[in-house]
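First the structure, which I've put down as structure tokens, then a few questions once you've had a look.
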Amino acid sequence: MAENEFNKIAAKWQKRWAEKKAFEVSEDPKKKKCYVLEMFPYPSGAGLHMGHSLNYTIGDIFARYKRMSGYNVLYPMGYDAFGLPAENAAIKAGEHPASYTENSMKNFVMQQHALGISYSWDRMLATCRPEYYKWNQHFFIKFYEKGLVYRKKSAVNWCPDCSTVLANEQVHSGKCWRHTETDVETKHLEQWFIKTTAYTEELLADIKKLNWPERIKIMQENWIGKSHGTEIEFEINGKKWPIFTTRADTIFGVTFMVVAAQHPRLGELVTPEQKQNVDAFLKKIKSVSEKELEALDKEGVFTGSYAINPMTGDKVPVYAGNFVIAEYGSGMVMAVPAHDQRDFEFAKKYDIPINEVIHPSKDKKLDDLKKAYTEYGVLVNSREFNGLSSEAAIEKLQSWLSKHNLGKKTFNYKFRDWLVSRQRYWGTPIPMVYCDKCGVVPVDEKDLPVLLPKDVKFGHGNPLASSESFVRTKCPRCGAAAKRETDTMDTFFDSSWYFLRYCDNKNEAIAFDRKKAEYWMPVDQYIGGAEHACMHLIYARFFTKALRDLRMISADEPFPRLFNQGMLHGPDGNKMSKSLGNVVNPIEMIERYSADALRFNLMSLASPDSNSVWNDNGMESASKFVTKMFGSLTHEKIGKSSKGVENKINKLIKDVTADIEGFKYNLALIKIRDAFEYIEHEKISKRDLESFIKILSPFCPHITEELWERLGNKTLLSLEPWPKADESKIDEKLDACDSLAACTRSDINAVKKLASLDKIGKITIIISPKWKYGLFDVLKKEMQKTRNPGEILKAIMSTELKKHGQDITRIVPTVVKDPSKMPTIILSQELERKALEEAKESLASEFGCGVEVVIAEDSKEAKAKNAAPGKPAIVLA
RNA sequence: GCGGAUGUGCCGGAGCGGUCAAACGGAACAGACUCAAGAUCUGUCGGCUUAGUGCCUACACAGGUUCAAAUCCUGUCAUCCGCACCA
């Protein structure tokens, strides 16, 4: 069976690549480096799925291409091996997560080998191994020392299914990112945070520098969410309470205030008479999880306190409400029910006055308030600010407030600090110790890593807490008995710097050697899915900046260039999922067809950045084509390449090179197919044949190595130089030869036909330099055979254009339906007017009829003269 | 609600102002080869057709800009994705 042969070939070359360490690299200052990286996978027990195969093939093609192009290519693979699924699966299977994960990784490695991915396997890493997570702990302590890590009690997101807390980034629409059915609850816990907000501004500003898909950049921008506004100080019970608003212009319409129910200073506001009500309210909203946000009514309770509006001196009641976010701004808002929908609903519910202070325009009032008027407008009922536009009022108020020391112009971010504590086992232990005397103390560097204990019980609460031997320790500072932190780190901590560890993955003394990292960083091409736009990609950017400030690297950004591959759907068009039963297993496909055929098919499906649909027939036919190519190229007749073959091959080199650079692999394959069909039955020089094989090699690395060898080469094709296109051999004329002949013939015929008519009428000749057919020679020959006005016209035009350095291109004769509407000859914009003036003369004498040159400047004139504006035209009268 | 993307033939998808009834692939149909199937090759593959280098209708829908629009602009609709009570 042919399939077996392919699999034998694949195995042979995979073995040889490994033996010869073909893809292992070291720092070489003389060579240009290229760091190609795919987002490392979570090694699930299920093994590789088709989406992985797609992702890795995209990266592999790029890496192979760059390697052959002379770059020193670092292309590593590793495993994001910590995480909840392994822990749960391990519990279910009664196996330790460590062995479970190691087995899964082995399986992944085997499968990635089978795909023929050219990883530098020496650099493999797994985040669950102590030699890796030791450095997580090291960084954690470094960050702690720098004040980038802190512990805080706050309202946190709790997923009951994961039984752990989640970062904001891991809560999607009130649900857990892993459990789309599970509502996230709010808990008040003391947790570890990373001060990602220390870099908010830089994270936001540097997005501009990134060569990333626009939508990912926008998603990050929105996630950071900068908004400009005003800080205004209200006075409550003699104390100052600043609030943030984007609508300072509505300040005269404030009729109440709302403080977040979770606000840490809420207690200060509650009067004894109201305490019972407030407590009841708090209890009520605590039992409600953060769900169905639209459905959630705006609710609140009066605290008993009143706030003084700094502009009006009015006293307005302060409510505690469920719709104000404690962490955003100052956790309190001024409520303007007339001009904010939430405030409006709240006011209606609790019967609070609604004061209009903005009208749509000077003479337009609001008819009746069924909902808030939230647009900008003109101020009313606002004393000296009446009549001002919202924009102007905001500015005036800002300066007024700062002059009186009651507020200022400011801005706010949505972005919050990263909660990294997790109450789970399978992660990096947080290297902190609680001592009764010394408080929170980091573990001594020399005692790292803090190893995950083995003697834990799963199932009830935080597993690490169940290990006596782990929890009990000595205070690193005073030596007294102390307790260890039992939380582990969010696994996103692991993936925030793994790209640095690849640069020096065996270093036992430090996380990575700075020199090595400086050589390889930043990642030149990062490849992965869009789902990490606001998680991994933000954390990794933060980490890079933080490490830069710790003087461990100098890069500002880890991934200047990012490519998002599309999603691969099942044959039925749905997302591939086990429950739908539409999963296609890549290894099955490789066994049935071949790795090269699978790669070929995956890359032909669609442009790698768009979603695509798996098609079994496509797989079948890709396999047939690969088989055919292999068979045919093995028996290719070596000889002198014809001009046609030379043209094809050189054009192919040029085009495919550009297509790979631009990730247009699907188009590259079309050109490869086309070129193959052309050379299939032709004689071809060894050199050209080798070029073709090289061009094919990133896509089908196994058969091409085999072909390379069969041609008598002793080297590895994967390390051969990428062919260069010989531009002098590319002949556009030849390339279009077949279609050209047909086109010309029909053109000539058309003109003949037109010319034989009594009335020549109007002939449109469109000449565009865009069409580089080089038709002139062919035309001239035809011209000599017959003589009639139509052809002469063409000949003249050609000559005239040649004279003025214009390339004669294609001439399209058409009968004009409505001669009154159409200029007769439209020339390209590039044609000089002078050339036209000259052409006019010869046309006139040749035809003996009036020739008018029209150069219209504007559309009116153009219409009058039947010419296009700005474009010169010749009209035969 | 806000933001982003997309809408092309039976399907997956190219095209990004004039070489467009639309690359390439898949499916389908017909033919060649076969005892037959498969494989392979050839042709057809929007409609009409006097079969023509012909006509009509087409690139979500409706308008607009152009001599010229699948391509540019405006609006509408649909689908997908992200964010979501951020003051």
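Each chain gets a letter, A, B and so on, in the order the sequences are listed, and its residues count up from 1.
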I'd like a list of close polar pairs between nucleotides 39-41 of chain B and the protein, N/O only, cut-off under 3.5 Å.
residue, atom, partner, partner atom, Å
B:A39, OP1, A:Lys624, NZ, 3.4
B:C41, OP1, A:Lys628, NZ, 2.8

Who pairs with A:His263 by ring-ring contact (aromatic ring centres under 6.0 Å, His included), at least two apart in sequence or on another chain?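 So A:His263 forms a ring-ring contact (aromatic ring centres under 6.0 Å, His included) with A:Trp241.
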Given B:A87, B:G4, B:G82, which nucleotide is nearest the side-chain atoms of A:Met219?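 It is B:G82.
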Checking one value: the base orientation of B:G38, syn if chi is within 90 degrees of 0, otherwise anti. anti
Does the side chain of A:Lys414 get closer than 4.0 angstrom to OP1 or OP2 of B:C85 through an N or O atom?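 Result: no.
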Who pairs with A:Tyr328 by side chain to side chain donor-acceptor pair (under 3.5 Å), at least two apart in sequence or on another chain? A:Ser227
Residues in side chain to side chain donor-acceptor pair (under 3.5 Å) contact with A:Asn582, at least two apart in sequence or another chain: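 If we apply the side chain to side chain donor-acceptor pair (under 3.5 Å) test to A:Asn582, skipping adjacent residues, the hits are A:Asp572.
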Using side chain to side chain donor-acceptor pair (under 3.5 Å) as the criterion, list what pairs up with A:Asn617, not counting sequence neighbours.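 Side chain to side chain donor-acceptor pair (under 3.5 Å) list for A:Asn617, sorted by chain: empty.
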Taking RNA chain B as the partner, which of residues 598-608 of chain A come within under 4.0 angstrom of it by heavy atom?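 Of all residues in residues 598-608 of chain A, the ones placing a heavy atom under 4.0 Å from RNA chain B are A:Leu605, A:Ser607.
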Going by salt bridge (charged side-chain N to carboxylate O under 4.0 Å, His left out), name the residues that satisfy it together with A:Glu169, two or more places apart in sequence or in a different chain. none
With sugar-phosphate meaning primed atoms plus P, OP1 and OP2, does A:Val336 contact a base, only sugar-phosphate, or nothing at under 4.0 Å between heavy atoms?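 Nothing: the residue A:Val336, judged by heavy atoms under 4.0 Å, touches no strand.
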Wobble G-U and Watson-Crick pairs count when both distances are under 3.5 Å; given that, what is the 5' to 3' dot-bracket string of RNA chain B, with | for pairing to other strands? ((((((((.[[[..)..(.....]]].(((((.......))))).(((.....)))...[[[[[..)....]]]]])))))))....
List the residues meeting side chain to side chain donor-acceptor pair (under 3.5 Å) with A:Asp249, not counting sequence neighbours, and say none if there are none. A:Arg247, A:Ser390
Residue that, paired with A:Phe256, satisfies ring-ring contact (aromatic ring centres under 6.0 Å, His included) out of A:Phe346, A:Tyr350, A:Phe344: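 For A:Phe256, the ring-ring contact (aromatic ring centres under 6.0 Å, His included) check succeeds only for A:Phe346.
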Side chains of A:Ser607 and A:Asp609, donor plus acceptor under 3.5 Å: yes
By ring-ring contact (aromatic ring centres under 6.0 Å, His included) - contacts of A:Phe234 (at least two apart):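 A:Phe234: no ring-ring contact (aromatic ring centres under 6.0 Å, His included) contacts found.
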Run the side-chain donor-acceptor check on residues 662-676 of chain A: report pairs under 3.5 Å with partners two or more places apart or on a different chain.
residue, atom, partner, partner atom, Å
A:Tyr665, OH, A:Ile58, O, 3.0
A:Lys671, NZ, A:Asp659, OD2, 2.8
A:Asp674, OD2, A:Lys648, NZ, 3.1

Salt bridge (charged side-chain N to carboxylate O under 4.0 Å, His left out) partners of residues 614-623 of chain A, not counting sequence neighbours, each pair once: none
Would you say A:Ser227 reaches B:A87's phosphate, i.e. side-chain N/O to OP1/OP2 under 4.0 Å? yes
